[in-house]
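As structure tokens, the structure follows; a few thoughts come after it.
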Number of protein chains: 2
Amino acid sequence: MDVARSEILEAGIPLACHSCQARHGVVCGALSSRQLKELNRHSLRRKMEAGCEIIAQGSESSFYSNIMSGVVKLCKMMPDGRQQIVGLQFAPDFVGRPFVRESTLSAEAATDAEICVFPRNLFDRMISETPELQRSLHDQALKELDAAREWMLTLGRRTAEEKVASLLYLIATHAEPQTATSAAFDLPLSRAEIADFLGLTIETVSRQMTRLRKRGIILIENSRHIIVPDMDELERITA
Amino acid sequence: MDVARSEILEAGIPLACHSCQARHGVVCGALSSRQLKELNRHSLRRKMEAGCEIIAQGSESSFYSNIMSGVVKLCKMMPDGRQQIVGLQFAPDFVGRPFVRESTLSAEAATDAEICVFPRNLFDRMISETPELQRSLHDQALKELDAAREWMLTLGRRTAEEKVASLLYLIATHAEPQTATSAAFDLPLSRAEIADFLGLTIETVSRQMTRLRKRGIILIENSRHIIVPDMDELERITA
DNA sequence: CGACTTCTTGAAGAAGGTCAACATTTGTGG
DNA sequence: CCACAAATGTTGACCTTCTTCAAGAAGTCG
């Protein structure tokens with residue numbers, strides 16, 4: 001579609017949506033321009049700093065959100081403080097749990113992030129009125145389910161080395177600057193968060209990272225910035 | 001609802017559905033009697049022996065199923081043979097992955113089971129024509145997602161003892177004969193399957209089971225039949 | 001009853017966790 | 001802009017948990 005035509009088609013939609021990363025995402029891509037206008041009227045854009053909580057585990061949230069930029073982590077916490085990251089979400093994903101008031105997990109900005117927040121009541125009504133939207137959310141739920149199950153395999157059956165390699169591979173394939181064979185990216189997670197994702201300790205993560213570095217599988221600059229010269233080789237270690 | 005009235009309301013539906021456990025389940029509970037008749041016309045009831053595969057990982061299945069009785073396990077297998085069970089499903093759950101042809105996991109009867117099989121094409125059409133059905137399947141997907149994430153916490157952060165206790169607790173709360181405080185049930189899984197579910201080895205599972213037995217948390221008869229005198233105590237060990 | 005599978009138990013070993021010290025990066029106020 | 005403090009990451013030594021390997025016990029099925 002050329003630019004002029006795209007602008008004509010987009011003429012009726014809210015200004016704020018024009019350059020929004022989530023414009024054609026799970027939620028907004030399934031709405032009519034009338035619905036988009038209505039949702040926008042009740043939406044709020046928020047900048048979140050890394051570490052900021054979007055939804056608290058056990059709380060009743062009356063809001064949903066779209067991720068416009070950044071990475072959001074979904075966490076589960078045990079009473080004694082043990083913690084497990086159970087999902088990572090990227091723009092333009094939808095954040096929230098339709099049909100259930102109380103959240104069984106917390107959502108937290110892993111990096112600085114921008115989200116678009118809108119009220120539960122309004123959106124629940126839109127879901128029930130818009131089969132296309134229902135279908136789109138259903139689709140995201142199924143994708144998250146696939147991802148969760150893939151991760152269960154990693155948690156249950158892979159070694160520490162394979163776990164770390166799997167995470168790096170996951171992030172590399174979601175981050176942008178990627179050539180055919182190599183990749184370079186900033187980790188959106190600290191070592192502690194990586195440990196919580198992989199069911200390991202900080203120390204084990206650190207040791208496995210330096211092992212991968214010493215074997216030439218990855219280059220580490222500044223501990224957050226990673227270069228993978230050969231993605232195929234990294235994938236092989238994933239098992 | 002009394003029996004006479006229920007029989008009148010059910011008059012228009014297929015005979016096979018009358019006493020079906022899945023009649024008011026995720027799928028059939030969301031269908032009109034006309035749709036139920038149509039689906040029934042193209043359905044096939046199958047008895048599956050324990051161990052029998054319903055869908056193979058990596059295959060393209062042109063069928064979906066409803067579980068009428070028994071327990072179905074969802075498995076992921078690595079090329080080197082390592083295996084992880086990523087979900088258990090009970091009657092009247094729906095089995096299959098809408099919108100995607102190729103299955104990323106296998107589904108296998110864990111116990112003897114009866115399933116009701118119906119063609120993909122027909123059912124995909126029904127989904128798109130029936131918002132209520134879409135919603136119902138969406139709901140099941142979200143419940144499975146919650147369960148998967150709960151299990152990720154178990155796989156990543158619980159000890160072997162807590163894992164075994166968690167599984168026993170999960171099965172006890174899904175099996176029928178349960179009083180206020182105690183429970184008695186047959187394990188639908190062998191030790192090997194339990195190990196594959198918990199990310200452990202057979203030996204560790206066995207050792208933890210006898211530890212729980214020696215501490216009086218559970219009684220083991222005939223290695224498959226388990227009695228839990230005090231469910232609260234079992235839950236406590238779950239952490 | 002005997003052959004097979006499944007489950008249990010023991011001894012030894014390895015993977016990953018814990019504790020502690022140190023290095024590096026980041027942030028803050030002078 | 002530097003100095004210092006705090007947070008984050010790395011490394012080493014030791015220890016615990018779980019796995020591996022091996023043998024034996026208990027069910028299960030012909």
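Chain A is the first sequence line, chain B the second, and so forth, proteins listed ahead of strands; every chain is numbered from 1.
The stretch residues 156-169 of chain B comes close to DNA chain D through T159(B), A160(B), each having a heavy atom under 4.0 Å from the strand. Contacts between residues 199-210 of chain B and DNA chain D, counted as heavy-atom distances below 4.0 Å, involve G199(B), L200(B), T201(B), E203(B), T204(B), R207(B).
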Exercise for the section: Evaluate the criterion side chain to side chain contact (heavy atoms under 4.5 Å, CB included) for residue pair F118(B) and N66(B); output intermediate values, then yes/no. Expected result: CA-CA 9 Å; F118(B) 41 89; N66(B) 273 330; 3.8 Å; yes

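Judged by distance alone, with hydrogens and angles left aside, the side-chain atoms of R211(B) form no donor-acceptor pair with the main-chain N or O of S206(B) at under 3.5 Å. With hydrogens and angles disregarded, a donor-acceptor distance shorter than 3.5 Å links the side chain of K163(B) to the backbone of L198(B). In this structure, S166(A) contributes its side chain and E162(A) its backbone to a donor-acceptor pair below 3.5 Å.
Ring orientation note: the planes of F123(B) and Y64(B) are nearly perpendicular, at an angle over 60° on the 30°/60° scale. Ring-plane geometry between H174(A) and F90(A) is classed as parallel, the angle between the planes falling under 30 degrees on a 0 to 90 degree scale with a further cut at 60.
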Exercise for the section: Let me have DNA chain C in dot-bracket notation, would you? Count Watson-Crick plus G-U wobble pairs, both distances under 3.5 Å, and use [ ] for pairs crossing earlier ones and | for inter-strand partners. Expected result: ||||||||||||||||||||||||||||||

Would you list the protein and nucleotides 25-29 of chain D atom pairs, both N or O, that sit under 3.5 Å from each other?
none

Side-chain donor/acceptor pairs under 3.5 Å, residues 45-53 of chain A, sequence neighbours excluded:
unit_1	atom_1	unit_2	atom_2	d
R45(A)	NH2	N40(A)	OD1	2.6
K47(A)	NZ	E114(A)	OE2	3.2

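Between chain B and DNA chain C, the heavy-atom contact criterion of under 4.0 Å yields a 5' to 3' nucleotide range of dC7(C) to dA11(C).
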